[in-house]
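Beneath this line is the structure, given in structure tokens, with notes to follow.
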Number of protein chains: 2
Amino acid sequence: MEHYQLKSFLTVACEQNLTRAAAVLHISQSALSTQIKLLEEELGLRLFKRTSRGMLLTEQGRQLLARAQDVLEAADKLQQQANVLARGNTVSVTIGLNTDPNFLRVSAINQRYSQLHGNTNVIFHLCQSIDTTQRLRHGQIDLGFFYGDNREPDIEQTVISQVRTCVVIPTQLLSDDPIMSWSEVSALPWIWVENLPFFAVLQQSLGDYRTLPNKAVTAIDEQIVRELVLAGQGVAIMREDEARPLVESGQVKIWNKGWGEIPLCLGWLANNREAPRVKAALEVIRYIWRKPPSMGDGELADKCWI
Amino acid sequence: MEHYQLKSFLTVACEQNLTRAAAVLHISQSALSTQIKLLEEELGLRLFKRTSRGMLLTEQGRQLLARAQDVLEAADKLQQQANVLARGNTVSVTIGLNTDPNFLRVSAINQRYSQLHGNTNVIFHLCQSIDTTQRLRHGQIDLGFFYGDNREPDIEQTVISQVRTCVVIPTQLLSDDPIMSWSEVSALPWIWVENLPFFAVLQQSLGDYRTLPNKAVTAIDEQIVRELVLAGQGVAIMREDEARPLVESGQVKIWNKGWGEIPLCLGWLANNREAPRVKAALEVIRYIWRKPPSMGDGELADKCWI
DNA sequence: ACAGTTTACGCATTTCGTAAAAATC
DNA sequence: GATTTTTACGAAATGCGTAAACTGT
């Protein structure tokens with residue numbers, strides 16, 4: 001799957017016609033045809049429905065086009081930032097986020113950090129728990145949040161908080177019986193996230209129940225889990241705070257035996273332990289996470305619009 | 001700039017050594033060497049410093065690696081979602097967001113939407129104002145937010161709100177004189193966002209002052225603007241609500257002649273005017289945006305953690 | 001019959017690998 | 001002098017274009 005294939009995919013989707021798209025891309029129809037064909041083969045599905053009047057996106061193609069555009073956009077940004085970097089520059093402390101910024105209180109962290117250390121500044125960067133170690137080692141981030149334990153010799157860590165997780169069941173999937181056993185729940189379709197250590201916790205608390213859940217769909221990230229749960233596609237494990245609004249709107253129920261707890265940790269390179277920016281950031285984050293968030297406080301307060 | 005080059009870039013950065021990286025990638029050292037060289041030439045900067053012990057990321061390389069990893073991650077997600085789509089599926093209404101979800105009240109929108117229409121669900125997708133039209137036309141999004149006016153025959157729109165914008169000046173760049181004229185401000189370095197129509201508004205309100213600001217840096221998106229402003233790299237135009245916490249933390253001041261207002265619009269394909277999911281979503285969004293957000297309400301209420 | 005996509009096949013470009021040269025500690 | 005990157009060049013692979021075949025309206 002190469003960049004030029006995605007660009008072709010996008011262009012064909014726009015033009016809805018191979019001939020015109022080929023003209024736009026300044027290549028021949030036949031070359032474009034094989035590009036699309038190879039891309040479809042690689043992805044293992046049909047992106048377009050071929051009609052006598054042109055190429056029409058399939059539903060699958062429609063959904064993947066959005067993702068393809070994400071890739072192209074990210075690549076654009078890379079190119080543009082390269083242009084920018086050919087001149088200006090910026091130095092700062094960089095913090096990796098393994099989940100949504102609001103939950104991690106980035107706004108409060110930034111505010112306090114820059115109050116205490118006016119000259120430097122914080123850059124937040126999204127990255128999955130699983131990548132944190134790697135990104136720390138190569139200096140892309142100075143500190144990083146991640147779930148679970150991650151004992152590696154060159155990385156130090158501190159537990160920031162315990163995150164409560166729960167099993168959410170879309171109302172569509174509920175049986176009449178209000179009480180469900182693990183065997184009943186595990187038989188339902190599950191929505192799975194690769195590389196997210198939430199399930200290990202559930203397994204612990206369930207103890208004996210060794211049955212593995214029935215993985216119906218493997219999702220890509222937490223956001224997609226939310227989409228799929230809302231669509232009633234399956235049961236999933238979510239953070240409690242994320243599940244709450246879904247419960248309140250009546251779309252899901254929480255399975256009362258499915259509660260778990262997982263540590264939210266903050267890690268940094270042992271070598272950088274004494275670096276001022278790291279020490280400072282660590283102190284700030286510990287301070288911000290000492291107290292639970294509440295209305296008049298932290299991330300909520302400075303999101304207020306009035 | 002192709003996918004395999006970025007993968008090579010990442011691997012070399014990880015291994016800090018061409019020879020090892022080549023082994024990981026199952027290609028020869030020489031091939032890898034030329035790949036990196038070509039990538040550097042294309043980007044117009046040096047990604048690595050060559051030492052006798054291997055390849056070390058430059059500061060520019062470090063920053064670009066983060067972006068490259070974003071691209072690779074997006075590509076991974078595309079591949080994974082393709083795998084998912086080879087089986088399951090989901091149907092829903094999709095809404096494009098041109099700026100941060102919290103500001104656009106996605107949580108409140110989702111909550112009300114799913115209360116009223118339990119069977120469908122909302123999928124939010126980030127996309128720049130400039131892309132909204134295109135994404136609407138090709139069905140990637142059913143409705144989309146964008147800034148400013150965008151009169152096109154096949155797209156209908158409604159003004160959702162007026163967004164107040166202001167000119168923020170990092171304290172580092174302030175002169176002693178508390179009152180600054182446009183010629184003084186425009187002479188400062190500016191941080192620019194391609195494709196964001198904030199400046200047109202400023203130009204209107206300033207009227208006579210035709211001097212163009214001194215564009216020091218062209219940033220890639222709003223998040224980077226924020227980073228660069230915090231780093232004191234230049235003056236920028238931001239949404240008022242985004243600027244407020246920066247002002248409160250004393251990092252920037254607002255230039256009092258720089259206030260502007262720009263419409264936040266919601267658009268949809270004229271052809272889809274009667275589609276139930278579009279009508280329903282439109283109604284919900286209008287309702288949510290009728291009243292200003294406040295503490296007990298909407299996006300803040302359901303982010304509460306206690 | 002027409003507008004469009006797919007397939008076949010030779011050609012051109014790109015990329016790769018081997019091996020030698022250059023650079024740095 | 002050991003380790004590592006760069007350069008040179010022939011070989012392999014990949015993508016491209018022309019032209020013919022195919023498909024549905």
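This structure is a prediction, so every number in the text was calculated from the model and none was measured. Proteins get letters first, then strands, A, B, ... in listed order; numbering begins at 1 in each.
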Candidate pair B/Glu59 and B/Gln63, rule side-chain hydrogen bond (donor to acceptor under 3.5 Å, both in side chains), full reasoning
CA-CA 6 Å; B/Glu59 172 61 22; B/Gln63 295 197 33; 3.1 Å; yes
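- Heavy-atom distances under 4.0 Å link DNA chain D to B/Gln29, B/Ser30, B/Ser33, B/Lys37 of residues 27-42 of chain B, given in residue order.
- Bracketed by its first and final contacts, the part of DNA chain D lying under 4.0 Å from non-hydrogen atoms of chain A reaches from D/dG15 to D/dT25 in 5' to 3' order.
- With rounding to the nearest 0.5 Å, the separation of CD in B/Gln60 from CG in B/Leu45 is 5.0 Å.
- Considering A/Thr132, A/Asp154, A/Asn271 in turn, A/Asp154 is the only one that fulfils the side-chain hydrogen bond (donor to acceptor under 3.5 Å, both in side chains) rule with A/Arg137.
- Separating the CG atom of A/Asn17 from the C1' atom of C/dC2 is a distance of 14 Å, rounded to the nearest angstrom.
- Other residues, nucleotides and ligands contribute more than 12 heavy atoms inside 6.0 Å of the CD atom of B/Glu152.
- Checking B/Arg20 against A/Thr51, the closest nucleotide of DNA chain D that is more toward the 5' end is the one next to B/Arg20.
- OP1 or OP2 of C/dT6 has at least one side-chain nitrogen or oxygen of A/Arg50 nearer than 4.0 Å.
- Under the 4.5 Å side-chain criterion, counting only non-hydrogen atoms from C-beta, B/His125 is in contact with B/Arg135.
- Ring pair A/Phe48/A/Phe9: centre-to-centre distance below 6.0 Å.
- Between B/Gln5 atom CD and C/dT14 atom C1' there is a gap of 11 Å when expressed in whole angstrom units.
- Here B/Phe48 lies out of heavy-atom contact (under 4.0 Å) with every strand.
- When side chains are defined from C-beta on, A/Leu57 does not count as touching A/Val12, because their heavy atoms never get closer than 4.5 Å.
- If you measure from atom CD of B/Glu2 to atom P of C/dT13, you get 18 Å, rounded to the nearest angstrom.
- Here CZ of A/Phe146 is found 9.0 Å from CG of A/Asn98. Values are rounded to the nearest 0.5 Å.
- Rounded to an integer number of Å, the gap from OH of A/Tyr4 to C1' of C/dT14 is 11 Å.
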